[in-house]
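Worksheet: the structure to be examined is printed underneath.
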Amino acid sequence: MRQGRQRLLFELLVEGAGVDQIDRMDHHGVDRGVGHLLAEGGEILFVKGRRAPHTWALVEDLDRGRPGVDAAFDGLVEPARGRNVCADQHVKADSRCARRRTAKASGFAGCVALPAMTGRQPMTVRFAPSPTGLLHIGGARTALYNWLLARGSGGRMILRIEDTDKVRSTKENVDHILEALDWLGIDYDHGPLSQAGHQPRHLEVIEQLRQSGHAYEFEGSTRLKVPDEGETVVRDLIRGDVTFKHEAIDDFTIARSDGSPLYNLAVAVDDLDSEVTHVVRGEDHLSNTPRQAMILEALGHAPPVYAHLPLLHGPDGKKLSKRHGAASVQELRDAGYVREAVVNYLALLGWGYDDKQTFFSIDELTDLFTLDRVSKSAAVFDEQKLRWMNGAYLRQLPAEQLTARIEAFTGREGLAGAVELCREKIQTLADFWPLAAFFFDGPTDDPKAREKFLDGEGRLRLQDARAALAGVEPFTTETIEDSLREVVERLGAKPKQVFQPVRVAISGTTISPGIFESLELLGRDESLARIDAAIDAA
RNA sequence: GGCCCCAUCGUCUAAUGGUUAGGACGUCGGCUUUUCAAGCCGAAAACCGGGGUUCGACUCCCCGUGGGGCUACCA
């Protein structure tokens, strides 16, 4: 943090401070500042910390030789000191959150509260995929963010399958989604709910809307009336307030002419009935949000808080689609990525904690994840980075665990020894077998390698190595290394001139785990047999 | 077309009016070395453009430009 004039944000645990106060405050916080807000909020106070139960931002503008921050701070915060203040944290104010930005304004201070950013207030969230395909990484990330919010706040996670489009929804896809979530470790407190199953209630609401005059029938379908004037403001924790003028929104259809309810209505009603507090979903839903909010309003209810996540793009910068090999969760799993790495990577795709930490355990994630640090711009899925991260996770796994995972992945047993030798060379579970297969299935067939290292000279050196290995006792990595290095010295050769022929003889290729370790694992008999075979073939 | 969102190295991001614009992946170079990796060290690499506001703008405002989304009796 920069020194000197800096805005201060202080973390304090204000027990019982009502978040409701916030709404009333933030709008006039702008220029009038503190006094006003304080009066409004009672004994308020402020601020911040990614983990504060109630997050209040003390914002001020130091630009104008105003009384210093400290002065302001002392005056304001003092009242709360008696309670519980850990005011040692300097954080910059303002924010990507428009609510804060608004308050920032100029002049002196504003006390703005950020209701839903409070990671600790129980949040009820939902993940609502439509079962029209596999769960791809975008959906997985949305599910993850919701889950982190629920778990991190002690709230609830609802899984709702949006299957009101019977033509495109399939049971098989539902199963794929459940399987993917399960693999990721994302569980839920309610569900899976079938949106189609709520049809009776949806129909009831449609009827209610019609009777109250908010909706009318048009060519058999039912539409919601959208006033010509006015506007609907969507409160979005990531994007700030987004205003939609009603004149740009036509009356929209909420029920098909066969009477069946449509998406916008079903979503609004289900979220309402489930008492969802935060709707966290992809940005592609942003434009529909005012419609859902209007339905809620017509019903006499306040909308939930929204948070629209940036979309994920393919490597070419375009929207992620099947064409980009739109990695589904299953594909990642089958490609040998482990759940921890996928979760960690996904968490970082659109969110960042600070400029230091890259690896996050699930627990850290639930603890640290907040919507205010979610970025606003689309991100590109970078498999290279996932690979790197996956490798890092594999390397830090205890040997037995890695072995167990690789055995499960390959369907083979007795891999412990080979895993030990290969663990530092693989980035995915799938990388193991190509590297280690020769231990179990015999040398790989790589003509070029044989040609290059088992030619005349290579063959002669191989014979020397063979003779030396035959006498090694016991047959261990250390003794093997000693004897082969002796050969190198005796021949006056370069190490690789002896080692590579041996490597190719036992593995069939030029790439393998450490040669001495590999020989030991193979055992003397098998090693010599392979070397003999190589000599004969050459 | 209309409405809405977005814009920092190739990629993911940090930065919250004052930094030599930081980190990570990838790339390149070096070390290590029995191959390949891993590891360690180092390098190149970014504020879309133009106007404002300000003593000072990557940060705030406006306009462009570019990208994306929505505009269904799909979700």
Side-chain angles (χ1 to χ4, degrees), chain A residues 2 4-5 7 59 61-64 91-96 100-101 104-106 128-132 162-165 167-169 195 218-223 234 236 239 242-245 247-250 252-258 260 262-264 266-267 282-290 308 310-311 313 315 317-319 345 348-358 375-382 384-389 391 395 422-427 431 435 449 481 484-485 488 494-500 502-504 507 509-516:
Chain A
R2 278 161 228 158
R5 37 180 5 222
R7 9 193 102 260
V59 185
D61 184 335
L62 305 172
D63 294 350
R64 305 290 161 71
V91 182
K92 293 176 189 172
D94 175 14
S95 150
R96 41 198 29 181
R100 269 202 266 183
R101 194 176 299 138
K104 186 173 176 259
S106 57
S130 123
T132 52
E162 310 243 312
D163 51 0
T164 53
D165 183 343
V167 181
R168 301 197 305 155
S169 305
Q195 185 161 64
F218 179 80
E219 292 179 355
S221 63
T222 299
R223 294 189 174 186
V234 173
D236 188 297
R239 278 145 225 292
V242 183
T243 303
F244 295 85
K245 290 196 169 56
E247 58 188 19
I249 303 177
D250 293 329
F252 59 97
T253 313
I254 56 177
R256 299 187 180 86
S257 44
D258 67 2
S260 62
L262 252 14
Y263 170 71
N264 282 132
V267 170
E283 197 201 334
D284 48 337
H285 290 280
L286 183 54
S287 295
N288 270 320
T289 306
H308 288 93
L311 261 19
H313 284 180
K318 303 273 171 141
K319 186 190 178 190
Y345 178 75
L348 256 26
L349 204 51
W351 175 84
Y353 182 61
D354 59 19
D355 62 349
K356 298 187 172 53
Q357 194 171 355
T358 301
S375 66
K376 294 192 275 198
S377 50
V380 174
F381 175 64
D382 179 7
Q384 285 290 341
K385 190 164 185 175
L386 207 210
R387 275 190 68 82
W388 163 79
M389 181 167 273
R395 257 169 269 124
C422 295
R423 64 175 305 154
E424 63 186 16
K425 302 180 190 306
I426 61 176
Q427 290 190 302
D431 289 345
L435 197 60
E481 173 161 9
L484 286 183
R485 287 197 187 281
V488 169
K494 289 182 179 175
K496 67 170 64 171
Q497 291 178 316
V498 171
F499 299 158
Q500 281 302 75
V502 173
R503 186 188 310 282
V504 173
S507 76
T509 75
T510 55
I511 298 175
S512 82
I515 190 66
F516 316 121

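Every chain is numbered from 1, with letters handed out A, B, ... down the list of sequences. Every heavy atom of this structure was used, including side-chain atoms; hydrogens, water molecules and symmetry mates were not.
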Report task. Report the nucleotide, chosen from B:A14, B:C74, B:C25, that has the shortest atom-to-atom distance to any side-chain atom of A:Asp355. Result -> B:A14
**Report entry** Whole-Å gap separating P (B:U13) and CZ (A:Phe381)
**Finding:** 13 Å
Requested in this report: Please report the closest heavy-atom contact between A:Ile511 and A:Thr509, naming both atoms and the distance.
Outcome: O-OG1, 3.0 Å
Query raised in the report: Which of these nucleotides, B:A37, B:C12, B:C73, is closest to any side-chain atom of A:Ser221?
Result: B:C73
Query raised in the report: Is B:C74 paired to anything, Watson-Crick or G-U wobble with both distances less than 3.5 Å, and if yes, which nucleotide?
Result: none
Requested in this report: Rounded to the nearest angstrom, tell me the gap between atom CG in A:Asn288 and atom C1' in B:A75.
Outcome: 9 Å
Query - Any A:Arg485 side-chain N or O less than 4.0 Å from OP1/OP2 of B:U34 - result: yes
Query raised in the report: Atom CH2 of A:Trp388 and atom P of B:G10: how far apart are they, to the nearest Å?
Result: 20 Å
**Report entry** Stepwise side chain to side chain contact (heavy atoms under 4.5 Å, CB included) check, A:Thr132 with A:Asp165
**Finding:** CA-CA 9 Å; A:Thr132 52; A:Asp165 183 343; 6.0 Å; no
Report task. Please report the C-alpha distance between A:Phe381 and A:Leu386 in whole Å, then the side-chain angles of each, then the deciding distance to 0.1 Å, and finally whether the side chain to side chain contact (heavy atoms under 4.5 Å, CB included) criterion is met. Result -> CA-CA 9 Å; A:Phe381 175 64; A:Leu386 207 210; 4.1 Å; yes
**Report entry** Euclidean distance, atom CD of residue A:Gln427 to atom P of B:C25 [Å, nearest integer]
**Finding:** 11 Å
**Report entry** Value in whole Å for how far the C1' atom of B:C70 lies from CG of A:Asp250
**Finding:** 13 Å
Query raised in the report: So what does A:Gly282 touch, heavy atoms closer than 4.0 Å: a base, only the sugar-phosphate, or nothing?
Result: nothing
Query raised in the report: So which one's nearest nucleotide on RNA chain B is more toward 5', A:Asp165 or A:Tyr345?
Result: A:Tyr345
Report summary line: Considering only heavy side-chain atoms of A:Lys385, the closest of B:C73, B:U34, B:G23 is B:G23
Report task. Pick base, sugar-phosphate or nothing for A:Arg395, based on heavy-atom distances below 4.0 Å to the nucleic acid. Result -> sugar-phosphate
Requested in this report: Summarise protein proximity over nucleotides 1-8 of chain B in one line of letters, 5' to 3': B for base, S for sugar-phosphate only, - for none, counting protein heavy atoms closer than 4.0 Å.
Outcome: --SSBSS-
Report task. Could you please spell out the steps behind the side chain to side chain contact (heavy atoms under 4.5 Å, CB included) verdict for A:Asn264 and A:Ile254? Result -> CA-CA 7 Å; A:Asn264 282 132; A:Ile254 56 177; 5.6 Å; no
Requested in this report: Counting Watson-Crick and G-U wobble pairs only, both distances under 3.5 Å, name the nucleotide matched with B:A46, or none.
Outcome: none
Report task. List the atom of A:Glu162, the atom of A:Val267, and the distance in Å for their closest heavy-atom pair. Result -> OE1-CG2, 3.4 Å
Query raised in the report: If you measure from the P atom in B:A44 to the same atom in B:G39, how many Å do you get, rounded?
Result: 22 Å
**Report entry** For B:C9, the Watson-Crick or wobble partner whose two distances fall under 3.5 Å
**Finding:** none
**Report entry** B:A72 OP1/OP2 closer than 4.0 Å to side-chain N/O of A:Arg223
**Finding:** no
Query raised in the report: Which nucleotide, B:C73, B:C25, B:U35, lies nearest any side-chain atom of A:Ser257?
Result: B:C73
**Report entry** Nearest-nucleotide pick for A:Arg503, side chain only, options being B:A75, B:U34, B:U13
**Finding:** B:U34
Query raised in the report: Expressed in whole Å, how much space separates the C1' atoms belonging to B:C4 and B:C47?
Result: 25 Å
Query - Distance, rounded to the nearest Å, where A:Ile249 contributes CD1 and B:G69 contributes P - result: 19 Å
Query raised in the report: Any N or O donor-acceptor pair linking the side chain of A:Thr253 to the base of B:C73 at under 3.5 Å?
Result: no
Requested in this report: Please work out if A:Ile515 contacts a base, only the sugar-phosphate, or nothing of the nucleic acid, heavy-atom cut-off 4.0 Å.
Outcome: base
Query raised in the report: Heavy atoms under 4.0 Å, any strand shown: does A:His285 hit a base, just sugar-phosphate, or nothing?
Result: base
Report task. Name the nucleic acid region contacted by A:Pro290, choosing base, sugar-phosphate or nothing; use a 4.0 angstrom heavy-atom cut-off, strictly under. Result -> nothing
Query - Short N-O contact, A:Asp431 and A:Arg387, less than 4.0 angstrom - result: yes
Query raised in the report: Does A:Thr164 put a side-chain nitrogen or oxygen below 4.0 Å from OP1 or OP2 of B:A75?
Result: yes
Query raised in the report: Nearest nucleotide by nearest heavy atom, which residue falls closer to the 5' end of RNA chain B, A:Phe516 or A:Gly350?
Result: A:Gly350
Query raised in the report: A:Asp354 has an atom CG; how far is it from atom C1' of B:A24, in whole Å?
Result: 12 Å
Query - A:His313 over B:G67, stacked by centroid distance under 5.5 Å, angle under 30° - result: no
**Report entry** Donor-acceptor pair between A:Ser507 and A:Arg503 side chains, under 3.5 angstrom
**Finding:** no
Query raised in the report: Which part of the nucleic acid, if any, lies within reach of A:Gln497 when heavy atoms closer than 4.0 Å are counted: base, sugar-phosphate only, or nothing?
Result: nothing
Query raised in the report: Whole-Å distance between B:C74 C1' and A:Ile254 CD1?
Result: 16 Å
